[in-house]
Amino acid sequence: MKKILYSSLLLAFFFGCETLQTPDEQAIDFVEKGQVRFLKFSDKRNKKFLDEIQGFQNQHESFIANFSIRIDTISPKKDNFNADGKIWFLKETGQVKIQLMDSFFGLVFSEVVANSEQIIVKTSQDQQIHSQRMGDLVVYDPGRKKPITIPFPVIYYYITGEYSKEFQGNPSFVSSETRRVQVKKQDDLFEYFFDVDGLSALEWSSTKKSVKAVSKPVGKRSIPTEALLTKILESEVDSENEKVQVIIQTKLRSIQKKNPSVSVFVL
């Protein structure tokens with residue numbers, strides 16, 4: 001599975017058009033935690049805040065859009081690669097499809113179909129279909145010749161707004177005062193931060209992988225989020241004693257709010 005994704009995104013480095021600008025690594029950071037009191041998800045005192053979150057979720061609609069992604073390695077050696085494509089979201093099923101292609105010839109080199117439980121990937125390399133549970137994807141950074149972890153769930157939940165299902169299906173804890181929800185999934189911890197406009201930040205940390213990430217919307221807020229910035233930190237230290245940093249930009253363009261055909265999600 002990982003080798004397939006490495007090869008696919010390596011093609012993006014060679015063929016992708018640089019449609020997104022160089023990111024400002026200081027433009028996004030983790031939220032200061034402090035002392036926060038969390039209640040169990042089922043606690044009745046959470047009802048007002050959870051009803052508000054449900055309202056944000058209800059604003060999400062099915063759509064079709066153009067899609068761009070840029071991944072920048074900040075340290076120890078700066079490098080980047082880009083890809084363009086299309087994205088489909090069907091609210092009825094919670095399915096997302098991302099199709100990546102090179103900008104010179106318009107050739108599709110990778111297709112990803114995901115729901116809240118599973119990610120399915122098909123690449124041009126072998127035309128085989130590979131599946132994994134919803135989680136991080138590992139891609140290959142040609143500059144450092146080592147893998148990069150992309151926290152796919154943070155991108156998925158910004159696109160779909162499928163918060164309630166995630167909260168109810170996993171051990172979850174709520175702080176209405178600070179407008180945040182923690183979700184524990186095996187070795188992973190997700191923390192959702194909300195403001196009056198909706199989801200303002202989503203953080204992910206994995207003690208097992210020694211990785212943490214934060215995603216925030218960029219520019220004018222909208223549903224779906226048109227521009228998303230994600231910073232990834234790996235706590236492992238390399239031979240030069242520098243902490244690895246990766247920044248991922250995703251952008252939606254030409255959004256059409258309509259239901260895509262169910263057949264679109266069949267690979």
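A quick note: this is a predicted structure, and the numbers were derived from the prediction, not measured.
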To the closest 0.5 Å, what do you measure between CD1 (I98) and NZ (K86)?
13.5 Å

T73 side chain to K78 backbone, donor-acceptor under 3.5 Å:
no

Could you list all the side-chain hydrogen bond (donor to acceptor under 3.5 Å, both in side chains) pairs where at least one residue sits in residues 257-267, not counting sequence neighbours?
S62-N259, Q256-K258, S261-S263

Under the salt bridge (charged side-chain N to carboxylate O under 4.0 Å, His left out) test, residues paired with E162 that sit two or more places apart:
none

Side chains of R253 and S68: donor-acceptor distance under 3.5 Å anywhere?
yes

What residues, two or more places apart in sequence or in another chain, satisfy side-chain contact (heavy atoms from CB on, under 4.5 Å) together with K47?
D51

Pairwise side-chain contact, T93 with N115, heavy-atom cut-off 4.5 Å (strictly under):
no

Hits for salt bridge (charged side-chain N to carboxylate O under 4.0 Å, His left out) against R45, two or more places apart or cross-chain, chain-then-number order -> D43

Measuring only between side-chain heavy atoms, which start at C-beta, is K40 closer than 4.5 Å to F173?
yes

Sub-4.5 Å side-chain heavy-atom contact between I232 and P151
yes

CG (N58) and CD1 (I223) are apart, to the nearest 0.5 Å, by 10.0 Å

Taking atom CG of N46 and atom OG of S176, what is their separation to the nearest 0.5 Å?
4.5 Å

Would you please name every residue forming a side-chain contact (heavy atoms from CB on, under 4.5 Å) with S206, sequence neighbours left out?
D188, W204, K208, K209

Parallel, tilted or perpendicular: which one describes the rings of F49 and F194, with boundaries at 30° and 60°?
perpendicular

Would you say L189 and V154 are hydrophobically clustered, going by side-chain heavy atoms of ILVMFWY under 4.5 Å?
no

For residues I129 and V262: do they belong to one hydrophobic cluster (side chain heavy atoms under 4.5 Å, members Ile, Leu, Val, Met, Phe, Trp, Tyr)?
yes

Looking only at the side chains, is there a donor atom on one of Q57 and S164 sitting less than 3.5 Å from an acceptor on the other?
yes

Yes or no on side-chain contact (heavy atoms from CB on, under 4.5 Å) for F265 and L90, after CA distance, side-chain angles and deciding distance?
CA-CA 9 Å; F265 301 96; L90 183 58; 3.8 Å; yes

Take V214 and K216, measure what side-chain contact (heavy atoms from CB on, under 4.5 Å) needs, and give me the verdict at the end.
CA-CA 7 Å; V214 55; K216 293 182 179 180; 4.1 Å; yes

What's the spacing between T250 OG1 and L228 CG if we round to 0.5 Å?
4.0 Å

Nearest non-hydrogen partners of P224 and I159, listed with the distance
CB-O, 4.2 Å

Verdict with reasoning, D72 to V246, per side-chain contact (heavy atoms from CB on, under 4.5 Å)
CA-CA 6 Å; D72 283 80; V246 175; over 6 Å; no

Is there a side-chain contact between I120 and L267 in this structure, where contact means two heavy atoms from C-beta onward sitting under 4.5 Å apart?
yes

Return the set of residues passing ring-ring contact (aromatic ring centres under 6.0 Å, His included) with F41 (not counting sequence neighbours), or none when no residue passes.
none

Please name all residues satisfying side-chain contact (heavy atoms from CB on, under 4.5 Å) with A65, sequence neighbours left out, ordered by chain then number.
F63, I87, L252, I255

In chain order, what residues pass the salt bridge (charged side-chain N to carboxylate O under 4.0 Å, His left out) check against K185, with sequence neighbours excluded?
E166

Counting C-beta onward and ignoring hydrogens, is there a side-chain heavy-atom pair between S215 and Y157 closer than 4.5 Å?
no

Test side-chain contact (heavy atoms from CB on, under 4.5 Å) on I64 and V264 and set out the steps.
CA-CA 11 Å; I64 302 171; V264 167; over 6 Å; no

Would L39 and L50 show up in the same hydrophobic cluster when neighbours are defined by side-chain heavy atoms closer than 4.5 Å?
no

Taking 4.0 angstrom as the limit, do R180 and E191 come out as a salt bridge?
yes

Do V112 and K97 come close enough that some side-chain heavy atom pair is under 4.5 Å?
no

Of all heavy-atom pairs linking D197 and F56, the shortest is C-CE2, 3.9 Å

Suppose we screen for ring-ring contact (aromatic ring centres under 6.0 Å, His included). Which residues come up paired with F167, at least two apart in sequence or across chains?
Y192

ring-ring contact (aromatic ring centres under 6.0 Å, His included) partners of F38, counting only residues at least two apart
none

Could you tell me whether the side chain of R221 reaches within less than 4.5 Å of the side chain of S200, counting heavy atoms only?
yes

Grab the two heavy atoms, one from P153 and one from F190, that are nearest each other, plus how far apart they are.
CB-CE2, 3.8 Å

Minimum heavy-atom separation for R179 and D195, please, with both atom names.
NH2-O, 3.1 Å

Partner set under salt bridge (charged side-chain N to carboxylate O under 4.0 Å, His left out) for E177, not counting sequence neighbours
none

Do L199 and V36 share a hydrophobic cluster, counting only Ile, Leu, Val, Met, Phe, Trp and Tyr and linking them when any side-chain heavy atoms are less than 4.5 Å apart?
no

Tightest non-hydrogen contact, residues F152 and A114, listed as CE2-CB, 3.7 Å

Going from CD on Q249 to OG1 on T230, what distance comes out if it is rounded to the nearest 0.5 angstrom?
9.5 Å

Sorted by chain and residue number, the side-chain contact (heavy atoms from CB on, under 4.5 Å) partners of S222 (sequence neighbours excluded) come out as E226

Please tell me if the side chains of Y156 and M134 come closer than 4.5 Å, counting only heavy atoms from C-beta onward.
yes

The reported gap from OH in Y158 to NE2 in H60 (rounded to nearest 0.5 angstrom) is 10.0 Å

